[in-house]
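See structure below.
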Amino acid sequence: MNLPGIVSLLTDFGHDDEYVGVMKAVILGYSPNARIVDICHNIGPQDVYSAARMLEASYPFFPEGTVHLVVVDPGVGTTRNIIIAETDQHIFIAPDNGILTAILQSSKLGKCYALPDMAATVASSTFHGRDIMAPAAGKILAGTPISTLGDPFDPEHCVVLPPSPVQITDTEITGEIIAIDHFGNIATSIKAEHLRIPHIDVEIEIGGVVISGIVKAYADVEKSAMAALIDSRGNLEIAMNQGNAAKHLGSKRGDSVVLRSASRHSPE
Amino acid sequence: MNLPGIVSLLTDFGHDDEYVGVMKAVILGYSPNARIVDICHNIGPQDVYSAARMLEASYPFFPEGTVHLVVVDPGVGTTRNIIIAETDQHIFIAPDNGILTAILQSSKLGKCYALPDMAATVASSTFHGRDIMAPAAGKILAGTPISTLGDPFDPEHCVVLPPSPVQITDTEITGEIIAIDHFGNIATSIKAEHLRIPHIDVEIEIGGVVISGIVKAYADVEKSAMAALIDSRGNLEIAMNQGNAAKHLGSKRGDSVVLRSASRHSPE
Amino acid sequence: MNLPGIVSLLTDFGHDDEYVGVMKAVILGYSPNARIVDICHNIGPQDVYSAARMLEASYPFFPEGTVHLVVVDPGVGTTRNIIIAETDQHIFIAPDNGILTAILQSSKLGKCYALPDMAATVASSTFHGRDIMAPAAGKILAGTPISTLGDPFDPEHCVVLPPSPVQITDTEITGEIIAIDHFGNIATSIKAEHLRIPHIDVEIEIGGVVISGIVKAYADVEKSAMAALIDSRGNLEIAMNQGNAAKHLGSKRGDSVVLRSASRHSPE
């Protein structure tokens with residue numbers, strides 16, 4: 001794998017402290033020409049599930065050889081492993097807490113390593129992003145072989161998260177809200193692949209309202225009308241054209257969404 | 001025009017999602033050495049007017065050959081054009097919705113192109129920033145001639161926004177609040193050029209209070225006192241020294257501001 | 001000192017405006033290959049103390065030759081100096097208002113310069129970050145000797161902030177809350193060096209609760225239990241495992257914290 005010197009960062013560190021900047025400083029200390037791209041730092045504190053979902057939605061868009069550093073780490077300072085996983089095109093560094101679920105379950109998964117326990121040798125027990133994971137990323141960019149940074153680790157022993165719940169019957173598909181974005185657009189666990197053909201004949205029930213049909217674009221419905229569509233990550237999304245669907249519906253993560261045929265036909 | 005490999009980004013995507021990071025990933029896929037500068041991602045959702053104003057205030061400070069990517073796109077997925085406009089020193093990529101008003105009306109405007117309709121060939125109908133505009137920026141940085149990316153488009157046919165309202169009479173200038181910044185400083189539509197000479201003899205009425213004279217710096221008035229001054233963008237600004245003027249006055253965008261002579265002299 | 005072309009930025013500009021992006025644009029105009037790292041832009045408006053503390057916690061992690069640009073500047077437009085200070089490994093540009101206290105008091109402090117008064121020659125009296133400090137950073141990266149940018153200035157004449165209060169008696173150490181981070185973790189003015197040996201036998205009183213012992217990691221206590229530990233900056237920190245300690249205790253900056261022996265032994 002060719003390494004173009006690109007690192008992505010995904011954390012729950014927020015923007016109020018120096019934590020993200022310090023991790024970048026450490027990476028640049030090892031590899032002064034690194035280009036570091038923020039995916040997001042507003043993951044809810046310790047929300048491993050959201051980080052896993054966002055990583056899965058993001059990493060395929062990065063160039064081959066990108067090193068993805070994911071630091072949402074409720075177990076920092078404990079004996080949880082820090083792992084490095086490779087696919088055919090990407091390298092991932094993260095605590096072993098389920099964040100890498102999509103990568104570990106990918107058919108493209110290559111080797112997996114666990115970093116040795118460095119807790120006793122690093123400066124802090126609260127910031128392994130700075131003291132262990134950023135140095136690992138910097139060293140990889142600088143050309144250190146990954147095999148020298150950790151010991152081979154069986155990915156079967158890594159923590160994985162349960163899949164987002166989707167129940168499919170002959171007459172309906174039941175999913176749940178898995179994320180709400182900055183625009184108030186509602187992502188659901190129902191994926192495009194669950195629908196054989198997106199169909200004008202379906203209806204979606206969410207938060208007590210029923211939306212008819214799946215459209216292509218927000219502006220396919222009137223301003224301030226609700227729309228169901230397939231989002232840029234491939235999930236069924238509920239949105240309000242030029243409005244905030246989640247606020248309008250009072251939606252929150254985990255709420256139920258049901259898709260069924262609006263006619264006699266099944267949605268599939 | 002020499003291209004130093006610099007891209008600016010201005011969007012309404014916020015910081016809670018992976019959208020900005022994914023656009024950067026796509027750009028780096030085409031041009032791995034790109035330096036990408038965030039202008040702002042906290043433009044209000046679909047607030048084309050604020051994005052246009054901020055772009056106008058920002059782009060002249062970027063080096064020659066910067067590619068400016070502006071994605072505030074209420075019409076995403078519809079047939080609205082995506083345009084590429086050149087001035088003598090800068091390149092702009094944006095939906096044709098008025099965001100580029102200052103550029104389209106500039107005497108420096110060069111060629112203008114419309115991208116072909118790619119809606120049918122790209123992955124999503126909700127994220128043309130990722131699927132159409134970021135690739136265009138990446139290709140330009142990588143050396144693709146702009147003329148091969150789109151068809152010449154008459155800038156006269158582009159959407160432009162109406163100018164910020166300013167009424168000038170013999171005795172007063174009436175404008176309105178066009179923006180409130182992070183510090184609570186209030187930008188108005190009255191520009192330095194509307195005042196022949198900034199003058200100690202003027203008074204400004206805003207939100208029921210009257211401010212005497214235009215000063216040079218915040219600290220020219222007492223701590224917590226109101227000040228009128230010319231801001232870093234060349235607009236009349238109302239501020240509170242080491243305080244939040246907008247919160248103090250209860251100001252909001254669109255509110256009126258009047259400048260008049262405090263003596264017999266006209267403000268000009 | 002070798003300059004790798006890295007600039008750090010620390011400001012109170014927030015993320016709602018174009019101010020940070022424009023400073024980066026100006027730096028890139030002088031030095032198109034600069035790598036610019038955001039430390040933080042959410043310092044409270046004019047909160048010089050927090051900026052000083054965050055700079056002290058951050059700069060040592062940056063590579064040798066990094067130029068640190070710190071713009072929290074309540075005196076912008078007045079005659080306060082803008083200074084450039086060098087240590088053996090770093091360069092700092094900031095208003096002379098105490099932000100650089102830790103650097104000015106460091107044994108590594110080298111030369112110190114004051115920029116000439118450019119107020120009359122620059123575009124604005126409200127944005128010296130853009131018009132004076134960013135150009136200075138860009139010129140230094142581009143190879144301009146610092147000695148040609150300003151006049152030697154006696155660091156004894158620079159503004160310094162008083163130290164964070166800590167009172168040490170035979171039986172207890174009294175400090176105060178100096179910062180609350182994004183996670184609600186509470187940093188105190190009590191430093192690891194004040195404790196001869198971190199000891200299971202101490203107790204910490206804060207906000208009406210008493211915490212027994214200093215642990216190594218958040219997860220050393222039960223989920224939602226309070227923990228006292230030494231944070232990644234070397235300060236005594238009060239945290240809640242996977243929770244928000246500051247919200248739980250209703251803490252704010254300046255609140256008192258007392259550390260004492262839980263047994264007959266003194267904490268030291």
Side-chain angles (χ1 to χ4, degrees), chain A residues 2-10 14-15 33 35-44 50-51 53-66 68 179-185 187 192 215-221 223 227 229-234 237 239-244, chain B residues 5-7 9 11-38 41-48 71-80 95 97 119-120 122-132 134-135 138 142 182:
Chain A
N2 183 41
L3 297 186
I6 297 171
V7 179
S8 85
L9 287 183
L10 175 58
H15 294 277
N33 292 309
R35 269 94 63 230
I36 306 173
V37 176
D38 300 300
I39 293 178
C40 186
H41 301 294
N42 284 345
I43 296 291
S50 289
R53 191 194 56 76
M54 199 178 280
L55 179 68
E56 181 179 8
S58 308
Y59 85 85
F61 294 95
F62 280 81
E64 180 177 340
T66 298
H68 301 278
I180 293 168
D181 81 0
H182 164 73
F183 295 100
N185 297 332
V215 297
K216 274 212 66 160
Y218 302 126
D220 287 344
V221 302
K223 188 172 171 175
L229 63 176
I230 302 301
D231 75 9
S232 62
R233 306 166 183 125
E237 171 180 303
M240 176 187 266
N241 184 22
Q242 299 183 50
N244 188 309
Chain B
I6 297 169
V7 179
L9 286 184
T11 78
D12 61 353
F13 291 169
H15 293 276
D16 292 346
D17 305 290
E18 77 277 13
Y19 305 143
V20 172
V22 164
M23 285 182 59
K24 293 177 180 176
V26 170
I27 293 168
L28 289 169
Y30 289 94
S31 178
N33 292 308
R35 268 93 62 229
I36 306 175
V37 176
D38 300 299
H41 301 294
N42 283 346
I43 296 290
Q46 294 98 36
D47 184 353
V48 168
V71 189
V72 178
D73 193 8
V76 62
T78 67
T79 57
R80 61 91 186 80
N97 60 18
V122 298
S124 83
S125 295
T126 58
F127 198 179
H128 286 177
R130 178 189 76 187
D131 294 338
I132 301 178
H182 164 73

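Letters A, B, ... mirror the listed sequences (proteins, then strands); counts begin at 1. Computed over heavy atoms, backbone and side chain alike; hydrogens, waters and symmetry mates excluded.
Of all the heavy atoms in B/His15 and A/His15, the pair that sits closest is CB-NE2, 4.1 Å. In terms of heavy-atom proximity, A/Ala219 sits nearest to B/Pro74 at CB-O, 4.4 Å. Between B/Val76 and A/Ala217 the shortest heavy-atom distance is O-CB, 3.6 Å. For A/Pro63 against B/Ala25, the heavy-atom pair with the smallest separation is CD-O, 3.8 Å.
B/Asp47 pairs by the salt bridge (charged side-chain N to carboxylate O under 4.0 Å, His left out) definition with B/Arg253, not counting sequence neighbours.
Heavy-atom distances place the side chain of B/Tyr19, and not its backbone, under 4.5 Å from chain A. Both the backbone and the side chain of A/Ile39 come within less than 4.5 Å of a heavy atom of chain B. Looking at B/Ala134, there are no atoms closer than 4.5 Å to chain A (heavy atoms on both sides), in backbone or side chain. A/Leu229 touches chain B through its side chain: at least one heavy atom from C-beta onward sits under 4.5 Å away, while N, CA, C and O do not. Using a 4.5 Å cut-off between heavy atoms, B/Ser124 contacts chain A through its side chain alone, with no backbone atom that close.
Taking CG of B/Leu28 as the reference point, atom OG of A/Ser8 lies at 11.0 Å (rounded to 0.5 Å). Within the model, atoms OG1 of B/Thr126 and OH of A/Tyr218 stand 4.5 Å from one another, a figure rounded to the nearest 0.5 Å.
Applying the salt bridge (Lys or Arg N to Asp or Glu O under 4.0 Å) test to residues at least two apart or on different chains, the pairs with a partner in residues 23-37 of chain B are B/Lys24-B/Asp38.
The main-chain N or O of A/Phe61 is never found under 3.5 Å from a side-chain atom of B/Arg130 such that the two would form a donor-acceptor pair. Checked by atom type and distance alone, the side chain of B/Asp16 never pairs as donor or acceptor with a backbone atom of A/His182 at under 3.5 Å.
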Item checked: Verdict with reasoning, A/Arg233 to B/Glu18, per side chain to side chain contact (heavy atoms under 4.5 Å, CB included) -> CA-CA 11 Å; A/Arg233 306 166 183 125; B/Glu18 77 277 13; 2.7 Å; yes

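You'll find the side chain of A/Phe183 reaches within 4.5 Å of the side chain of B/Asp12, heavy atoms only.
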